[in-house]
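See structure below.
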Amino acid sequence: LPISPQKVEKPVEPGKLWDIQVASFSKKENATAFGRKLSKQGFKNIVLQTTKSGVVRVVVSRVKSENLNGTKKKLADSGYTEVVIKERKN
């Protein structure tokens, strides 16, 4: 029987900042409404990022390494389990 790989969380290096993409939309007004919903749920630093193709990403931005796992858990507890996490380059 094939064994599916388990998700292994790598240790997070301290002192870094992370962006957590929670959703993406083809219409900016939908992204804006979703961003407001996240804000009302207590998430901070909500930003909208528009890609070259016009997709609008809703991102919890500039999460400190020491807050990353807690923010991921809070998102998951709020029903947002499919997120994309990227280290900030700046």
Side-chain angles (χ1 to χ4, degrees):
L1 294 169
I3 300 172
S4 61
Q6 291 189 348
K7 206 173 190 179
V8 177
E9 291 205 18
K10 295 186 288 186
V12 179
E13 197 175 319
K16 297 197 179 266
L17 293 175
W18 303 83
D19 285 347
I20 305 174
Q21 179 184 324
V22 184
S24 59
F25 296 89
S26 57
K27 293 184 178 181
K28 187 172 183 177
E29 56 268 22
N30 293 343
T32 301
F34 186 79
R36 284 192 189 113
K37 179 180 175 182
L38 283 177
S39 183
K40 287 179 184 173
Q41 290 176 317
F43 296 98
K44 306 287 184 221
N45 296 332
I46 309 298
V47 297
L48 304 182
Q49 300 173 340
T50 304
T51 66
K52 290 178 185 173
S53 63
V55 173
V56 183
R57 298 177 181 148
V58 182
V59 176
V60 179
S61 182
R62 305 182 65 79
V63 178
K64 292 180 182 177
S65 290
E66 57 267 26
N67 299 333
L68 184 61
N69 287 328
T71 302
K72 283 186 346 188
K73 181 177 181 343
K74 185 176 176 184
L75 284 164
D77 290 348
S78 298
Y80 310 118
T81 55
E82 298 294 321
V83 298
V84 177
I85 300 170
K86 293 183 182 176
E87 181 183 335
R88 287 189 66 87
K89 300 297 181 210
N90 50 8

>> Rounded to the nearest 0.5 Å, what separates atom OG1 in Thr71 from atom CD in Glu66?
In response: 10.0 Å

> Going from NZ on Lys16 to NZ on Lys89, what distance comes out if it is rounded to the nearest 0.5 angstrom?
Replying inline: 8.0 Å

>> Could you measure the distance from the CG atom of Asn69 to the NZ atom of Lys74? Nearest 0.5 Å is fine.
In response: 15.0 Å

> In a check of side-chain contact (heavy atoms from CB on, under 4.5 Å) between Val58 and each of Ile20, Leu38, Asn30, which one passes?
Replying inline: Leu38

> What distance separates Thr32 OG1 from Glu29 CD, expressed to the nearest 0.5 Å?
Replying inline: 7.5 Å

> If every non-hydrogen atom of Ala31 is compared with every non-hydrogen atom of Val56, which pair is closest and at what distance?
Replying inline: CB-CG1, 3.5 Å

> Quick one: does Thr51's side chain get under 4.5 Å of Arg57's, heavy atoms only?
Replying inline: yes

>> Any non-hydrogen side-chain atom of Ser61 less than 4.5 Å from a side-chain atom of Arg88?
In response: yes

> Same hydrophobic cluster for Val59 and Trp18, using side-chain heavy-atom links shorter than 4.5 Å among ILVMFWY?
Replying inline: no

> Tell me the ring pair (Phe, Tyr, Trp, His ring centres under 6.0 Å) pairs involving residues 33-57, sequence neighbours left out?
Replying inline: Phe25-Phe34, Phe34-Tyr80

> Does the side chain to side chain contact (heavy atoms under 4.5 Å, CB included) test come out yes or no for Lys64 and Asn67, once each step is laid out?
Replying inline: CA-CA 5 Å; Lys64 292 180 182 177; Asn67 299 333; 3.9 Å; yes

>> Test your reading of the model: is there a side-chain donor-acceptor pair from Asp19 to the backbone of Ile85, 3.5 Å cut-off?
In response: no

> Donor-acceptor pair, Ser65 side chain versus Glu13 backbone, under 3.5 Å?
Replying inline: yes

